[in-house]
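Take a look at the structure below.
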Amino acid sequence: MNKEYSPKDIEKKWQDIWENEEAFKVGVDQSRPKYYALVEFPYPSGQGLHVGHPRPYTAMDIVARKRRMQGYNVLFPMGWDAFGLPTENYAIQNKIHPKIVTKNNVEHFKAQLKALGYSFDWSREINTTDENYYKWTQWIFLQLFKKGLAYKSEMPINFCTSCKVGLANEEVVNGVCERCGSEVIRKMQSQWMLKITEYADKLIDGLAKVDYIEKVKVSQKNWIGRSEGAEVNFRLKDKEEILMIYTTRPDTLFGATYMVISPEHPIIEKYKEEIENYQEIVAYREQAARKSDFERTELAKEKTGVCVKGISAINPVNNKEIPVWVSDYVLMSYGTGAIMAVPAHDTRDWDFAKKFDLPIIEVVAGGDVQNEAFTDVATGILCNSDFLNGMEVRDAKEAIINWLEDKKIGHRKVNFKLRDWVFSRQRYWGEPIPIVKCPCCGYVALNEEDLPLRLPEVESYMPTDTGESPLAAMRDWVETTCPKCGKKAERETDTMPQWAGSSWYFLRYIDPDNTSAFASKEALEYWMPVDWYNGGMEHTTLHLLYSRFWHKFLYDQGLVPCDEPYKKRTSHGMILGENGEKMSKSRGNVVNPDDVINEFGADTLRTYEMFIGAFELSAAWSMEGVKGCRRFLDRVWKLQDMLIDGEEYRPQLETKIHQTIKKVSNDFENLKFNTAIAAMMGLVNEFYKANSITKGEYATLLVLLNPVAPHMTEELWEMYFAGAGKVYQQKWPEYDEAKTVESTVEIAVQINGKVKATISVGLEEEESSVKQKAHALPAIAGLIEGKNIVKEIYVKGRILNIVAK
RNA sequence: GCGGAAGUGCUGGAAUUGGCAGACAGGCAAGACUAAGGAUCUUGUGUCGGAUACGACGUGUGGGUUCAAGUCCCAUCUUCCGCACCA
């Protein structure tokens, strides 16, 4: 009887050995193929690791460990995305410097991650709040600035009344602040913006050549929101003024019965003298402005608006006069802030027309436009549209655009939902924006050799009531000289958003200590692109889009060797509490990984997190399930009591072993960790049935299981195979395809589709011989006797179906 | 409203070039070992009927295609997630 399996005794031991041996430290090695496996670096929050974290980390650790055993030079790094509001808020509340808070949190996180036995190359650890890191974040910002992709703009921003900070559109959820849930209002402020819209097309086109799971591609596309249509000029009656609109349905131009402009549209001010009900419109505009985004969406069903009296427009296709309305369902920020309304073929226009009793003219036949808008573009045929009559929608679109371009009253136009990225935060705990505002020269970039621009020590991290960053109060920091003309100037006091540091971190891992560039060309050429990037669904739109944007920019500057940063992107599902709800402190269903490790061991936690269910789907935690995984590892441990000599696989187990190697190898690649583990459990059960295992069989099992349970497998390996080095140095087992199939198989014999018997046949056995054997079976013979066999279908090695009447 | 994903035993979940539904776990039950077991091992476990043999039914619901459907087609219901007046 051997000693008991005690994770406490062995896990720390192996973690220390790996560290001392620098087992997972890598460098550029042209003689071996590289593999770059990446997980999203965490935000080191005060709560420490959550059982949700180990799911993606373990998955990619398995991939990394397997790849190493397959001979790849594997880069698998980890770091900290440490700027951010929670740390700052904690610092404010507890009067501790965010730097100290971050340091403590990182230490805690790191200890927890080490206890899980991940094969990270810790020598490449990075932290976005290190000045040697954010120096390069600032440097990249300067490159964007120099190319005109960073600009300052006075514009309405989302402002959280509680956090007192400007938010990106993306950080406003249902009209409230994503972090604190407080009301968000619009406020005019001068903001740094990044021109991500310049890359809208490239960001969409690039998706065609990368291997991302489909839903990620779809959400990227939806966010960018590319739409193809036309801009059309409508003339105002008795004026020279042109009112330009954007439409994706220029084919319905004959059906335009009125126009709608956004409440903020400039022609209102321009023609205020002639608008008879100007006061009414101003009142409406003010009412609309007071509505938060939330109210605007809530009230989406009920249309509101005011007719602009005194001016009207002319439909350019038929010269009919049509009224102009103001309504907040038309947004100033999209298209031209004005639309032509075609109530017959647009549901919003239809709702509006019904409410205000405006005419509805059918121009695409196929629906009943008095009852609902007919929007089907696939089946409709144009009518009431002069030269477009009889055409299909697609052809009519082309025809009308050509006509408009010909007459110079319109043109083809592509629009995007994507807006430029609000890059300023009026907060302390972020990267200072390395710009100086000079009264003579305007906004001037710092000299690159003056980077990093360090975050100064301040008395208070609280944002000021004016909404300015706490940095604004540091007069001796703010007051500086212009790098260009040398005269007195002031520093920018806004900082960058948390997205900044994470937009390029995977590049820094490649060469983290480089002081002359964010990474050397040589290292970038060797390691990029990231071969496999796994992360949460919650980051698939923003982080992915932002980092792809920065990367494409760097590529255009010749600074990185590839135009897409990530070759493959996958996503993991959330780990829910035992009650099936999202884990949270307030629900009291949070599971701490430390407790699980203490009670069951890190290998058990790793195994369970992989066995819990389909990797991409969310899964509810179960302590009973954890126990089951521990039991499995115990059974593997105890196999040593059944160990017998022999390097070979025994004939009766050979097929099963080859099948398992194949299944585990493939499943690890396809994120099917749960079935890979199930296959290994099945194999272990076979050894138990045989009540024995040869050394050769055990060695294979230990190597296969090593990526999942690295500590225990190393310990067992050391006990029995120490002469052959460590498990992580072994070669990944190979399988022989020919040996994964049984030479004789059991097939089902059906009569009229119902299984009536099973029969053992040779895989390559002749069909006629199989049939003969089947017919001879007593269970079958009795049933087909006296019946007419209409048909017999034999699927090789699977099934024989006899159709009898 | 639009987009995406998912509905399978008591539970988590397997199985889709259509080919024996329920792998692997958990739970439960019985047995073995034991001073004891909340440890371990063995066996059983979809539902209904039947003592058994066996039979019928069974992958959200209703149709369909097929020798054969969880898988394909049509319709429909439910849940979760994302986006939401983007013209």
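Not measured: the values here are computed from a predicted model. Chain identifiers are assigned alphabetically (A, B, ...) following the order of the sequence lines, protein sequences preceding nucleic acid strands; residue numbering begins at 1 within each chain.
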Qualifying salt bridge (Lys or Arg N to Asp or Glu O under 4.0 Å) pairs, either residue in residues 789-798 of chain A, two or more places apart
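Sorted result for residues 789-798 of chain A: A/E764-A/K796.
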In plain terms, say whether A/K217 and A/E214 are close enough for a salt bridge, that is, a side-chain N and a carboxylate O under 4.0 Å apart.
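No salt bridge links A/K217 with A/E214.
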So, are A/R412 and A/E231 salt-bridged, with charged N and O less than 4.0 Å apart?
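No, no charged N to carboxylate O under 4.0 Å.
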Any side-chain N or O of [X] less than 4.0 Å from the OP1 or OP2 oxygen of [N]?
X      : N     : result
A/N674 : B/A14 : yes
A/R631 : B/A25 : no
A/K215 : B/G4  : no
A/K221 : B/C83 : no
A/T540 : B/G82 : no
A/N685 : B/A25 : yes
A/R635 : B/U40 : no

Rounded interatomic separation in angstrom, taking [atom1] from [X] and [atom2] from [N]:
X      : N     : atom1 : atom2 : result
A/N801 : B/A69 : CG    : C1'   : 13 Å
A/N670 : B/A14 : CG    : P     : 14 Å
A/E214 : B/A6  : CD    : P     : 13 Å

With RNA chain B as reference, determine whether A/D634 or A/M340 sits nearer its 5' end, using the nearest nucleotide of each.
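Between the two, 5'-proximity favours A/D634.
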Nearest-nucleotide wise, let me know which of A/T248 and A/V803 is further upstream toward the 5' end of RNA chain B.
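Its nearest nucleotide being more 5', the pick is A/V803.
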Once side chain to side chain contact (heavy atoms under 4.5 Å, CB included) is applied, do any residues pair with A/K354, and if so which ones, sequence neighbours excluded?
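Expected list: A/W350, A/I360, A/Q370.
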Which residues satisfy the side chain to side chain contact (heavy atoms under 4.5 Å, CB included) test with A/I213, sequence neighbours excluded?
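A/I213: side chain to side chain contact (heavy atoms under 4.5 Å, CB included) contacts with A/K215, A/V216, A/T570, A/S571.
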Out of [options], which nucleotide sits closest to the side chain of [X]?
X      : options             : result
A/A678 : B/A14, B/A23, B/U42 : B/A23
A/K638 : B/U40, B/G3, B/G19  : B/U40
A/T675 : B/U42, B/A23, B/G3  : B/A23
A/K303 : B/G3, B/C20, B/C85  : B/C85
A/V755 : B/C24, B/C20, B/G55 : B/C20

Would the number of heavy atoms belonging to other residues, nucleotides or ligands and lying under 6.0 Å from NZ of A/K582 be above 12?
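No, NZ of A/K582 has 12 or fewer neighbouring heavy atoms, counting only those of other groups under 6.0 Å.
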Looking only at side chains, do A/Y608 and A/D603 share a donor and an acceptor under 3.5 Å apart?
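On atom types as modelled, these side chains do not qualify, holding no pair under 3.5 Å.
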Verify the distance criterion only: is there a donor paired with an acceptor across the side chains of A/H572 and A/E616 at less than 3.5 Å?
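No.
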Any idea if B/G38 is syn or anti, going by the 90°-from-0 cut?
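Anti conformation here, the glycosidic angle of B/G38 being more than 90° from 0.
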For RNA chain B, determine which residues of residues 745-754 of chain A have any heavy atom closer than 4.0 angstrom to one of its atoms, and list them numerically.
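Residues of residues 745-754 of chain A under 4.0 Å from RNA chain B: A/E746, A/A748, A/Q750, A/K754.
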Show which side-chain atoms of residues 669-684 of chain A pair as donor or acceptor with protein atoms under 3.5 Å away, not counting sequence neighbours.
from, atom 1, to, atom 2, distance (Å)
A/E669, OE1, A/R67, NH1, 3.3
A/E669, OE1, A/R67, NH2, 2.9
A/E669, OE2, A/K66, NZ, 2.6
A/E669, OE2, A/R67, NH1, 2.7
A/N670, ND2, A/N666, O, 3.0
A/T675, OG1, A/D667, OD2, 2.8
A/T675, OG1, A/K672, O, 3.1

Runs of at least three consecutive pairs that involve RNA chain B, where pairs are Watson-Crick or G-U with distances under 3.5 Å
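Correct response: B:1-7 with B:77-83, B:10-12 with B:24-26, B:27-32 with B:40-45, B:46-49 with B:54-57, B:60-64 with B:72-76.
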Run the ring pair (Phe, Tyr, Trp, His ring centres under 6.0 Å) test on A/F416 and A/Y334 for me, step by step, so that the C-alpha distance in whole Å, both residues' side-chain angles and the decisive distance to 0.1 Å come before the verdict.
CA-CA 8 Å; A/F416 297 93; A/Y334 185 78; 9.4 Å; no
